[in-house]
Amino acid sequence: MAQGHPKFLWWNGRQMPWDDATVHVTDLGWSTVGAIFEGIRAYWNPDQQEAYIFRLPEHMRRFGQSMKVVRLQQEYPTDQLINAIVTLVRENDSREDTYIRPLAYRGDGDGKSIGGFGSASQILINTHAMPSHLLKGKRQAACISSWTRISDNVMPPRVKNLSNYRNGQLAGMEAAANGYDVAILLNNHGQVAEGGGSCLMMVRDGKLITPDTSSSILESITRDAIMRMAREDLGIEVVERTVERTELYVADEVFMCGTAAEITPVTSVDRYQVGDGELGPITAKLEKMLHDIMRGIDDRHADWRTPVGLKALARA
Ligand code: PMP
């Protein structure tokens with residue numbers, strides 16, 4: 001890291017010094033209305049001197065799907081983008097937990113109108129430090145938002161479109177103004193969808209339950225990992241179904257999950273205490289397992305980790 005930012009980023013086909021990637025100020029504004037992105041994490045393992053990117057191919061597959069839905073042209077093959085990310089994290093010498101953000105945006109806008117929808121795309125990939133909060137005791141007080149989650153025929157939540165985040169931001173600001181840490185949004189059927197930037201899971205009677213992918217949620221990669229860990233590694237029954245608001249009030253455990261949220265236990269919803277108001281046993285097990293798997297301490301699910309090659313570099 002140099003002067004608070006990494007040395008390199010990747011822009012339109014090549015890795016370049018951070019300071020060289022500039023645009024004219026008039027390109028701001030409308031340019032990102034149709035933009036889509038991914039949020040990916042790399043976890044540093046100090047004992048192994050290696051950084052592992054979590055589920056990189058799955059994130060880049062979703063990146064491609066998001067581009068398709070918003071009709072952005074895929075100028076670069078997914079494999080090239082994957083290689084670019086691995087190289088970028090390695091050459092930025094990211095010996096810390098790192099957030100990686102690929103962004104695809106309209107390259108043929110004139111900056112003056114919101115109406116056009118050309119398909120030429122530009123791609124930026126940049127990284128910054130983002131320490132994990134797993135196993136650090138983070139807890140959140142949640143509320144049900146008065147804002148409704150966007151829906152598939154309005155602004156599809158399945159797509160990681162920047163514009164979608166206005167919905168979650170409004171909910172987040174309302175939650176903060178009312179003294180809560182996180183907002184849970186209901187969908188247009190009045191059922192539980194997700195947080196503004198994370199999915200939601202609850203435990204009832206020993207089962208892990210999460211809103212299904214038709215509940216107006218992002219098809220979260222962390223959610224998928226947690227469901228698989230619960231089923232395959234812990235033998236816990238997992239149910240994807242519609243979830244009602246009052247189920248959260250009587251749930252034994254509730255947590256948010258996602259790349260940024262990782263696993264964040266929720267200890268109250270609308271000031272109803274969840275369980276005994278402490279970290280629940282299933283959440284605790286999943287949190288520890290996710291931490292160890294992401295960081296390469298637990299060698300299960302090796303295909304979820306892409307080593308960036310810092311270890312080999314150190315040896316050389
Ligand atoms: N829902 C929303 C709205 C999100 O922004 C995110 C974060 N990308 C998630 C869920 C979690 O998705 P993932 O596990 O793929 O990061």
Side-chain angles (χ1 to χ4, degrees), residues 32 35-43 53-67 69-70 85 97-104 125 127-128 130 132-134 140 142 145 147-152 154-173 175 182-188 191-202 208 210-230 238 240 243 254-264 266 286-287 289-291 293-294 301 304-306:
T32 57
I36 61 98
F37 73 109
E38 269 305 314
I40 310 169
R41 277 201 196 239
Y43 287 87
I53 304 177
F54 189 64
R55 306 198 73 178
L56 176 58
E58 291 89 337
H59 276 285
M60 296 318 288
R61 182 163 173 260
R62 190 173 65 187
F63 190 66
Q65 290 172 347
S66 291
M67 286 184 76
V69 177
V70 304
I85 288 172
D97 295 346
T98 301
Y99 186 78
I100 304 153
R101 195 208 55 191
L103 175 80
I125 305 169
T127 64
H128 62 79
M130 186 192 261
S132 168
H133 60 250
L134 286 172
Q140 288 186 320
S145 183
W147 297 94
T148 300
R149 184 72 184 134
I150 49 173
S151 58
D152 204 47
V154 177
M155 296 178 74
R158 180 169 288 105
V159 175
K160 255 182 106 65
N161 187 322
L162 272 188
S163 300
N164 287 0
Y165 285 79
R166 188 59 174 146
N167 178 234
Q169 198 179 47
L170 285 165
M173 290 189 297
V182 66
I184 296 167
L185 290 105
L186 305 181
N187 60 28
N188 58 355
Q191 285 152 339
V192 176
E194 60 179 347
S198 56
C199 280
L200 175 141
M201 295 201 177
M202 68 174 175
L208 189 65
T210 189
D212 61 72
T213 53
S214 298
S215 291
S216 294
I217 67 167
L218 179 71
E219 292 179 350
S220 153
I221 290 159
T222 318
R223 172 183 173 278
D224 175 74
I226 293 168
M227 290 195 299
R228 284 182 53 189
M229 281 161 33
V238 179
E240 292 175 80
V243 171
V254 176
F255 62 88
M256 311 305 294
C257 65
T259 298
E262 302 178 302
I263 285 180
T264 308
V266 169
L286 288 167
E287 185 179 349
M289 187 180 290
L290 186 65
H291 171 272
I293 286 174
M294 283 168 154
H301 301 289
W304 291 354
R305 290 181 296 275
T306 303

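Quick note: numbers below take in every heavy atom, side chains included, and nothing from hydrogens, waters or symmetry partners. A quick note: this is a predicted structure, and the numbers were derived from the prediction, not measured. Each ligand, and each atom within it, is numbered from 1 in the order the structure gives.
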In the protein, what heavy atom is nearest to atom 6 (C) of ligand 1, and what distance, to one decimal place, separates them?
G197 O, 3.3 Å
Judged by heavy atoms only, the candidate from A193, G168, G196, P157 nearest atom 3 (C) of ligand 1 is G196
Numbering as shown, the atoms of ligand 1 that approach K160 to under 4.0 Å (heavy-atom distance)
5 (O), 7 (C), 8 (N)
Please say whether S220 places an N or O atom under 3.5 Å from an N or O atom belonging to ligand 1.
yes
Using ring-ring contact (aromatic ring centres under 6.0 Å, His included) as the criterion, list what pairs up with H301, not counting sequence neighbours.
W304
Which atoms from ligand 1 have a heavy atom of C199 less than 4.0 Å away?
10 (C)
Tell me, please, which residues at least two apart from R62 pass side-chain hydrogen bond (donor to acceptor under 3.5 Å, both in side chains).
E38
To which protein heavy atom is atom 5 (O) of ligand 1 closest, and what is the distance rounded to 0.1 Å?
Y165 OH, 2.4 Å
for atom 16 (O) of ligand 1, nearest protein heavy atom and its distance come out as T259 OG1, 2.5 Å
Which ligand 1 atoms are under 4.0 Å away from a heavy-atom of T222?
13 (P), 14 (O), 16 (O)
Here the atoms of ligand 1 under 4.0 Å from any heavy atom belonging to E194 are 1 (N), 2 (C), 3 (C), 10 (C)
Numbered in order shown, the ligand 1 atoms found under 4.0 Å of a heavy atom of R149 are 3 (C)
Criterion salt bridge (charged side-chain N to carboxylate O under 4.0 Å, His left out) on R158 and D152, from CA distance to verdict:
CA-CA 8 Å; R158 180 169 288 105; D152 204 47; 3.4 Å; yes
Under 4.0 Å from one or more heavy atoms of S198, ligand 1 contributes atoms 1 (N), 2 (C), 4 (C), 6 (C), 9 (C), 10 (C)
Which option out of R62, E219, H59 puts a heavy atom nearest to atom 15 (O) of ligand 1?
R62
